[in-house]
Amino acid sequence: MDDIVLYGADWCGDCRRAKVWLRENNVAFTEIDVEHDEVARERAIEISGRKNIPVIVLPDGTVLVEPTNAQLAAALGR
């Protein structure tokens, strides 16, 4: 399974929560900091159609924006 990509920022509470959940469930992911990378920020907006973060892109192309832990679990079959 390819890595999940999480577009987020250190100051974002939902981003921190999602990262904790992914780590606790041993889900590999690549974090992209949109706070310090304007290209990444624009890419996250392009992917999601919104300015909300985190934007999480699953290997199958599914995009989750500000998912709850339950939504992450459901999307990842956990």
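Any value given below was found using the heavy atoms of this structure, including those in side chains, with hydrogens, waters and symmetry copies removed.
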Qualifying salt bridge (charged side-chain N to carboxylate O under 4.0 Å, His left out) pairs with a residue from residues 57-74, counting only residues at least two apart or across chains: R50-E66
Could you list all the salt bridge (charged side-chain N to carboxylate O under 4.0 Å, His left out) pairs where at least one residue sits in residues 35-46, not counting sequence neighbours?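 For residues 35-46: R43-E46.
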With sequence neighbours excluded, residues passing side-chain contact (heavy atoms from CB on, under 4.5 Å) with A75: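 For A75, the residues satisfying side-chain contact (heavy atoms from CB on, under 4.5 Å) (neighbours in sequence not counted) are L58, L64.
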Counterpart residues, side-chain contact (heavy atoms from CB on, under 4.5 Å), relative to A18 (two or more places apart):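 With neighbours one apart ignored, the set is L6, P54, I56, L72.
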Out of curiosity, does [Y] fall in the hydrophobic cluster containing [X] (side-chain heavy atoms, cut-off under 4.5 Å, transitive links)?
| X | Y | result |
| --- | --- | --- |
| V34 | V63 | yes |
| V57 | I45 | no |
| V55 | I32 | yes |
| V39 | Y7 | no |

Would you name the heavy atoms of D33 and A9 that are closest together and state the gap between them? OD1-CA, 4.0 Å
Side-chain donor-acceptor pairs of residues 20-30 under 3.5 Å, sequence neighbours excluded:
from	atom 1	to	atom 2	distance (Å)
N25	ND2	W21	O	2.8
T30	OG1	D3	OD2	3.0

Using the salt bridge (charged side-chain N to carboxylate O under 4.0 Å, His left out) criterion, which residues pair with D14? Sequence neighbours excluded.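 D14 satisfies salt bridge (charged side-chain N to carboxylate O under 4.0 Å, His left out) with R17 only.
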Residue pair K19 / D10, side-chain heavy-atom distance below 4.5 Å: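 They are in side-chain contact.
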